[in-house]
Peer 1: 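Encoded as structure tokens, here's the structure I'll be asking about.
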Protein chains: 2
Amino acid sequence: MTTIGDVAKAAGVSRSTVSYALSGKRTISAETRRRIDEAIAALNFTPNAGARALKTSQTMVLGLLLQFHEDEFAPAMLQYVLPVTDAARALGYDILLMTESDGAAALTRVAQSGMVDGLVLLDVTHNDPRLDALRASRQPGVLIGLPGDTDGLDVFDLDFGDAARTLVDHLHGLGHREICLVTPPKHVFERGGAYAWRFRDAALERAAHHGIHFSAHYGESRHPGIEQSLHAILDGRPGATALMVHNDASVAVLPSVLHRRGVRVPDDLSVVSLYSTDFGRNFLLPYTAVESSPDELGRLAVERLGRRIQFPGETGPPVVRFIAAELIDRGSTS
Amino acid sequence: MTTIGDVAKAAGVSRSTVSYALSGKRTISAETRRRIDEAIAALNFTPNAGARALKTSQTMVLGLLLQFHEDEFAPAMLQYVLPVTDAARALGYDILLMTESDGAAALTRVAQSGMVDGLVLLDVTHNDPRLDALRASRQPGVLIGLPGDTDGLDVFDLDFGDAARTLVDHLHGLGHREICLVTPPKHVFERGGAYAWRFRDAALERAAHHGIHFSAHYGESRHPGIEQSLHAILDGRPGATALMVHNDASVAVLPSVLHRRGVRVPDDLSVVSLYSTDFGRNFLLPYTAVESSPDELGRLAVERLGRRIQFPGETGPPVVRFIAAELIDRGSTS
DNA sequence: CTGAAAGCGCTTACAG
DNA sequence: CTGAAAGCGCTTACAG
């Protein structure tokens with residue numbers, strides 16, 4: 001392994017001068033700089049990240065905590081990983097990926113041992129057990145997803161209430177008076193997936209305000225329940241003229257379910273949903289929907305985290321920031 | 001931050017004794033051990049990973065390199081990430097995730113700076129530019145996916161030739177004499193996705209051997225080409241009694257396409273494919289298929305890498321290991 | 001503009 | 001069974 005000492009020797013200068021040349025933290029004469037650059041190139045030198053981290057107490061690594069729930073639709077998760085990774089690299093950080101089922105333990109292990117400068121939590125639930133671990137760690141963290149207690153935490157999430165109201169208003173404006181909502185599965189509510197009830201409750205309230213007949217039904221997320229539940233919901237509400245789907249697994253199979261039933265969109269039924277453009281592209285979804293904005297959420301969260309790390313005192317109090325709902329009309333309503 | 005020195009002071013012993021108590025590398029008296037354990041618990045001490053890495057030259061981190069191709073079906077990638085992460089944790093390693101488009105540069109950066117003990121490359125192509133970087137790095141690496149030149153590398157992959165022959169034999173045994181194959185998109189071939197032609201060429205050869213009318217067609221991976229290409233293929237071969245699909249995006253939409261055409265499986269058409277059980281579950285795929293085994297591939301690759309890291313001299317020459325094809329009959333053929 | 005020295009938090013020969 | 005000391009590869013006050 002070539003070290004800064006090898007470079008110093010080859011260039012005929014001290015190790016500190018090489019270090020300063022690398023960091024640019026003091027002026028170096030042109031001649032010295034040339035010799036150092038040559039030596040670095042000749043020896044193919046890269047500073048050791050561990051030694052640097054030990055000295056500076058900065059690892060330039062962020063921890064990313066995923067949670068894989070048995071009952072969850074996996075493809076929906078990857079959409080957040082890529083934007084987070086990209087945004088981190090743009091700030092000079094690498095990503096340490098943790099997928100252990102005991103997320104709190106993973107967080108504590110990695111934070112305590114000083115492997116990361118900050119933490120990004122995905123798929124946050126209402127009563128997320130990782131939050132106490134995060135509050136106890138000396139590294140800052142950001143959440144993507146709203147927990148019940150946001151005390152002391154930076155939180156980024158879609159405004160699910162706004163999303164629900166936007167969709168209800170859209171359908172109401174088109175004259176719909178009986179609407180069905182397919183929600184996430186029951187166990188998502190039970191384990192504290194707050195986005196599920198934030199969306200549902202806001203939709204219910206808005207529909208009541210408009211005097212719309214509105215009914216919410218649990219969807220499924222696992223084969224073969226997904227299709228069965230959709231059929232049952234549609235069978236049970238023959239008078240509904242519009243369907244709202246807030247369930248990734250359900251909306252992914254909806255085209256095939258509707259085809260099987262001979263239902264044409266939007267002639268026989270208007271359909272609206274909530275998903276990302278990328279997700280829709282992967283599953284060929286043609287529905288008017290609120291954009292779930294994983295790219296923007298990931299980027300905002302990481303940029304905030306970067307500021308917290310680099311300017312600890314100056315970043316201000318924790319923020320809870322909601323992305324406003326943006327409706328993308330794909331012509332699936334009438 | 002609490003250090004090993006704080007623990008030593010609290011326990012009234014030297015730092016080296018604490019270190020040995022932690023590592024178990026020498027015997028410690030019961031009384032001393034008790035005092036050390038108490039101090040560690042009281043101070044909530046965890047050794048600093050960076051300092052340990054600097055001293056031992058072991059980071060206990062593996063780099064995982066993904067590649068996201070514009071034209072690729074993203075959900076297929078995540079299936080490999082989880083098994084790799086799980087297998088790594090089981091061996092005590094964490095995972096540094098790299099998703100940069102310039103994978104060779106990312107590999108070199110992370111390897112040269114000593115951030116990882118080893119590297120896992122996913123989505124390897126025939127002429128993968130990351131391989132030279134890997135060969136030049138001092139850390140060992142494993143590939144999931146077969147490159148053109150395996151010299152010096154440990155490689156794990158599905159036996160795509162075996163898979164193709166298994167499927168052709170299966171259909172031939174059922175009496176099929178005209179078969180269509182949907183391959184990955186043309187650009188996958190062009191960029192060197194060897195699995196694409198390994199599967200196709202083996203299928204062609206085996207079909208010829210059986211005297212089967214066999215035609216291979218490029219599928220698509222992006223909306224709306226996926227469905228269109230399937231329709232075109234089926235329109236062009238009305239005499240085909242069986243369809244082989246080696247294309248994640250195509251097989252994901254196949255149920256809906258066949259429904260639209262009023263084609264019943266297996267009564268009107270037999271269908272076979274190649275995907276993982278997990279993938280099939282997410283997309284509700286009912287087809288008889290060869291299992292693509294991402295779990296096993298990920299686990300085998302990481303375990304091999306772990307041995308290379310821990311027993312550099314004793315692991316033997318590089319291996320190229322193919323997982324045999326296993327047919328899972330889901331009743332989509334007759 | 002540059003160098004010698006201390007120190008980040010560990011591990012491990014060396015010595016007793 | 002335990003301790004004092006050296007050293008991993010850096011960065012950064014301190015000094016000139």
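Just so we're on the same page: letters track the sequence lines, and every chain starts at 1.
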Peer 1: Stems involving DNA chain C: give each as a range paired with a range, ordered by first number, where a stem means at least three consecutive Watson-Crick or G-U wobble pairs under 3.5 Å.
Peer 2: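 Stem list for DNA chain C: C:1-3 with D:14-16, C:5-12 with D:5-12, C:14-16 with D:1-3.
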Peer 1: Take the protein atom CD1 of B/Ile28 and the nucleotide atom P of D/dC1, then report the distance between them rounded to whole Å.
Peer 2: 9 Å
Peer 1: Do we see a donor-acceptor contact under 3.5 Å between the side chains of B/Ser19 and B/Ser16?
Peer 2: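 Short answer, no.
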Peer 1: Contact between B/Val142 and B/Leu121 at the side-chain level, heavy atoms closer than 4.5 Å - yes or no?
Peer 2: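 No. Closest side-chain heavy atoms not under 4.5 Å.
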Peer 1: If we only count heavy atoms from C-beta on, is the B/Gln139 to B/Asp117 side-chain gap below 4.5 Å?
Peer 2: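 They are not in side-chain contact.
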Peer 1: I need the A/Tyr80 OH to A/Asp295 CG distance, nearest 0.5 Å.
Peer 2: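 The distance works out to 9.5 Å.
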Peer 1: Going from OG on A/Ser101 to CD on A/Gln67, what distance comes out if it is rounded to the nearest 0.5 angstrom?
Peer 2: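 Nearest 0.5 Å value for the OG-CD distance: 9.0 Å.
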Peer 1: Between atom CG of B/Leu65 and atom CZ of B/Arg130, what is the distance when rounded to the nearest 0.5 Å?
Peer 2: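 B/Leu65 CG to B/Arg130 CZ: 5.5 Å, rounded to 0.5 Å.
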Peer 1: Find out whether A/Leu119 and A/Leu134 are in side-chain contact, i.e. whether some heavy atom of one side chain is under 4.5 Å from a heavy atom of the other.
Peer 2: yes
Peer 1: For every nucleotide of nucleotides 6-13 of chain C, 5' to 3': is a protein heavy atom under 4.0 Å from its base (B), only from its sugar-phosphate (S), or from neither (-)?
Peer 2: BBBBBBBB
Peer 1: Would you tell me if any nitrogen or oxygen in the side chain of B/Thr32 comes within less than 4.0 Å of OP1 or OP2 on D/dC1?
Peer 2: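 No, outside the criterion.
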Peer 1: A/Thr99 versus B/Asp86: any side-chain heavy-atom pair under 4.5 Å?
Peer 2: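 Side-chain contact under 4.5 Å: yes.
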